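Okay, so here's the structure we're looking at.
The model shown is predicted, which means the values in this text are computed figures rather than measured ones.
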Amino acid sequence: TALEPGPAAADLVTNGAVPPETLSRDPEVGKAYVEDPLVWDSVPPEVMMNTLEIGQRARDAVPLIEIPVLLIHGVDDRLTDIAGANYVHTQLVITDKTLIGYEELLHEILNEPEKEHVIAEARAENASGWWDRPLPGVPAEMGTLASYAADANSLTDWAVSLVPGLLYPPVLSFRGL
């Protein structure tokens with residue numbers, strides 16, 4: 001979670017960009033990040049100015065979560081500290097919640113060399129899948145759609161879209177994509 005900045009977050013503030021070496025221990029991930037045309041060369045000032053408000057909105061929203069939560073975080077993440085994930089875990093009022101910290105993993109734990117282990121552990125943590133549980137306010141057919149996504153092994157079509165919600169500041173609705 002980005003609720004608690006890590007030591008490399010200072011680079012983000014002073015240089016306006018995410019240091020690519022903080023993302024993953026796999027150098028190809030950092031290289032792909034730098035070469036990605038959809039990644040900002042520097043974070044727009046409007047986004048930086050909204051980070052405190054967004055962080056507070058996220059903190060305020062945590063106790064409102066009513067569905068099962070699995071938090072996974074790299075313990076050696078230098079962009080966001082695992083203390084933010086600990087905060088979320090303790091503030092969740094639900095009982096079906098799990099926090100797993102992965103030693104030596106950085107920010108993008110699903111782009112680390114151990115990603116298959118992380119995915120397998122997440123699946124084992126909740127073998128039936130959250131989609132098998134009745135969730136308040138969620139239509140039953142959503143579980144079926146979610147199970148299709150869980151069983152998918154390739155992406156054949158995609159589209160960029162925004163879902164209106166609490167955590168989207170106005171600036172991201174047109175500049176973040």
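With 3.5 Å as the limit, one finds a donor-acceptor pair spanning the side chains of Asp60 and Gln56.
For the salt bridge (charged side-chain N to carboxylate O under 4.0 Å, His left out) test, residues two or more places apart in sequence or in another chain that qualify with Glu53 are Arg57. When the side-chain hydrogen bond (donor to acceptor under 3.5 Å, both in side chains) test is applied to Gln91, no partner is found at least two apart in sequence or on another chain. In this view, Asn111 and Glu108 satisfy the side-chain hydrogen bond (donor to acceptor under 3.5 Å, both in side chains) rule, not counting sequence neighbours. Listed by chain and number, the residues in a side chain to side chain contact (heavy atoms under 4.5 Å, CB included) with Val118 are Ile72, Tyr102, Leu105, Ile109, Leu110 (sequence neighbours excluded). For Val34, the side chain to side chain contact (heavy atoms under 4.5 Å, CB included) test picks out Pro20, with sequence neighbours left out. Scanning for side chain to side chain contact (heavy atoms under 4.5 Å, CB included) contacts around Asp41 gives an empty result, with sequence neighbours left out. By the salt bridge (charged side-chain N to carboxylate O under 4.0 Å, His left out) test, Arg25 pairs with Glu112, Glu114, sequence neighbours left out. Taking His89 as the reference, Leu71, Lys97, Leu99 meet the side chain to side chain contact (heavy atoms under 4.5 Å, CB included) condition, with sequence neighbours excluded.
When all heavy atoms of Pro63 and Val93 are compared, the pair lying nearest together is O-CG2, 3.3 Å. Listed here is the closest heavy atom pair of Ala9 and Pro5: CB-CB, 3.6 Å. Between Leu23 and Leu79, the shortest heavy-atom contact is CD2-CD1, 3.9 Å. The two residues Ala8 and Thr22 have their closest heavy-atom pair at CB-CG2, 3.6 Å.
In this structure, Asp36 contributes its side chain and Ala32 its backbone to no donor-acceptor pair below 3.5 Å.
Contact of the Glu4 side chain with the Thr80 side chain is not registered, since no non-hydrogen atoms from C-beta on lie closer than 4.5 Å. Within the 4.5 Å cutoff, the side chain of Ile94 has heavy atoms near those of the Val69 side chain. Within the 4.5 Å cutoff, side-chain heavy atoms of Tyr33 are placed close to those of Val18.
For the side chain to side chain contact (heavy atoms under 4.5 Å, CB included) criterion with His73, the lone passing option out of Val88, Ile82, Asn86, Asp81 is Ile82.
Separating the CD atom in Glu121 from the CD1 atom in Ile119 is a distance of 12.0 Å, to the nearest 0.5 Å.
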